[in-house]
Amino acid sequence: MIKANKIEKTYSKTAILTPVLNDITLSIQKGEYVAIMGTSGSGKSTLMYILGCLDKPTKGELELDGVDVYGMDDDALSALRNKKIGFVFQQFFLLERTTALDNVLLPLIYANKYPDDALQRGRKVLAQVGLEDRVEYLANELSGGQQQRVAIARALINDPDVIFADEPTGNLDSQSTAEILDILGHLHQEGRTIIIVTHDRTVANHAQRILELKDGRIAEIKNP
Ligand SMILES: Nc1ncnc2c1ncn2[C@@H]1O[C@H](COP(=O)(O)OP(=O)(O)O)[C@@H](O)[C@H]1O
Ligand SMILES: [Mg+2]
């Protein structure tokens, strides 16, 4: 369902243009659970942003469900992304003085598509991450692990096929890390495609397949 062909990414900030990503070709099937590993600065986030259609490469092609992503205009691409992909980040990116429920509903408000059953959907995704009793709490009244669960619920609001998570446990203690990995495991069992970015091998081991980024290239280090 995600097919990247000869992806190259160079940032034009420095005088010497060393590619961060160099000739990345990979495919991820529907329903897979894949980890992308690599040391800090190896380009994991860059690759995730490209695979998630948040950023474009310098060169290369990307297909999502058979559609050539770079042949689409920006509006069509963001509509496709909103429908099919949910994102979770290390820093949660919640609005602090806003309730869990309103945080979860934000993508619907931004996309200008606020359905009649929005509140029900918001409550449902919060229940899916075990926060039915925290719906009206402000984000800054929640623990880090609970905040990340709200962020996962927000990623689920449009019922996406694919979840990208960039170091989702990077700011969490081991108990919360286990809870987040458990939720991602359940989402995988429901048939969603999960792509997790991490520098932590114990986290990556929850995936079926591990890809390692090194010197801008990718190697498969674990195969089912
Ligand atoms: N917007 C940007 N402009 C210039 N350089 C960037 C930008 N984003 C990332 N980089 C550089 O690309 C490299 C890879 O970054 P990143 O993808 O964030 O790595 P990782 O997520 O593996 O830590 C780093 O050297 C970083 O400084
Ligand atoms: Mg990163």
Side-chain angles (χ1 to χ4, degrees), residues 1-9 20-38 42-57 59-72 76-90 107 125 128-129 151-169 180-214 216-224:
M1 75 165 341
I2 299 172
K3 224 170 141 182
N5 188 29
K6 298 193 166 121
I7 296 277
E8 195 177 310
K9 179 75 175 180
V20 173
L21 302 177
N22 200 348
D23 199 23
I24 304 266
T25 295
L26 60 86
S27 42
I28 296 171
Q29 304 305 316
K30 188 172 164 54
E32 269 199 287
Y33 188 167
V34 176
I36 298 173
M37 280 198 77
S42 60
K44 302 181 297 296
S45 295
T46 299
L47 178 60
M48 187 193 100
Y49 276 56
I50 290 173
L51 296 177
C53 310
L54 288 169
D55 192 14
K56 288 187 173 174
K59 276 191 209 158
E61 291 148 14
L62 182 68
E63 260 183 39
L64 193 58
D65 289 338
V67 176
D68 166 26
V69 166
Y70 306 132
M72 304 178 84
L77 181 54
S78 64
L80 181 78
R81 190 179 57 222
N82 289 339
K83 193 171 135 221
K84 295 204 175 184
I85 305 177
F87 294 94
V88 178
F89 301 95
Q90 180 172 359
V125 289
Q128 267 181 284
V129 297
I152 294 175
R154 180 184 56 193
L156 291 172
I157 194 72
N158 283 317
D159 194 20
D161 294 337
V162 187
I163 305 269
F164 282 98
D166 190 353
E167 305 272 10
T169 61
I180 295 301
L181 290 172
D182 196 45
I183 291 169
L184 291 174
H186 276 112
L187 294 173
H188 173 238
Q189 278 162 18
E190 281 175 19
R192 293 182 216 263
T193 309
I194 309 290
I195 301 161
I196 187 172
V197 165
T198 181
H199 63 274
D200 184 340
R201 181 69 197 239
T202 55
V203 169
N205 277 338
H206 287 78
Q208 296 168 306
R209 197 147 73 91
I210 302 177
L211 305 174
E212 186 174 33
L213 250 185
K214 211 172 171 183
R217 292 172 193 277
I218 211 139
E220 186 120 16
I221 59 173
K222 174 185 155 191
N223 221 314

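Only this structure's heavy atoms are used, side chains among them; waters, hydrogens and symmetry mates stay out.
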Measure the spacing between CD of Q29 and CZ of R209 and express it to the nearest 0.5 Å.
7.5 Å

Do K3 and S27 make a side-chain contact, defined as non-hydrogen atoms from C-beta onward lying under 4.5 Å apart?
yes

Do the non-hydrogen side-chain atoms of I152 and L187 ever get within less than 4.5 Å of each other?
yes

More than 12 heavy atoms of other residues, nucleotides or ligands under 6.0 Å from NZ of K56: yes or no?
yes

For a 4.5 angstrom cut-off between non-hydrogen side-chain atoms, does L64 reach I2?
yes

Starting at CD1 of I7, measure out to OG1 of T25 and round the result to the nearest 0.5 Å.
8.0 Å

Using salt bridge (Lys or Arg N to Asp or Glu O under 4.0 Å) as the criterion, list what pairs up with K9, not counting sequence neighbours.
D55

After noting the C-alpha distance and the side-chain angles of F164 and L54, does the key distance pass the side chain to side chain contact (heavy atoms under 4.5 Å, CB included) rule?
CA-CA 11 Å; F164 282 98; L54 288 169; over 6 Å; no

Check whether any side-chain heavy atom of L181 lies under 4.5 Å from a side-chain heavy atom of I196, and answer yes or no.
yes

Donor-acceptor pair, side chain of K44 and main chain of G38, under 3.5 angstrom:
yes

By ring pair (Phe, Tyr, Trp, His ring centres under 6.0 Å) - contacts of Y49 (at least two apart):
none

Should D23 and K6 count as side-chain neighbours, where that means a heavy-atom distance under 4.5 Å?
yes

Could you check whether any side-chain heavy atom of L213 comes within less than 4.5 Å of a side-chain heavy atom of I24, counting everything from C-beta outward?
yes

Please round to the nearest 0.5 Å and tell me the distance separating atom CG of N82 and atom CD1 of I157.
12.5 Å

Which residue pairs pass the salt bridge (Lys or Arg N to Asp or Glu O under 4.0 Å) test when at least one of the two sits in residues 157-169, sequence neighbours left out?
D159-R192

With a 4.5 Å cut-off on side-chain heavy atoms, are D182 and H186 touching?
yes

Do K214 and I221 come within less than 4.5 Å of each other through their side chains, counting heavy atoms only?
no

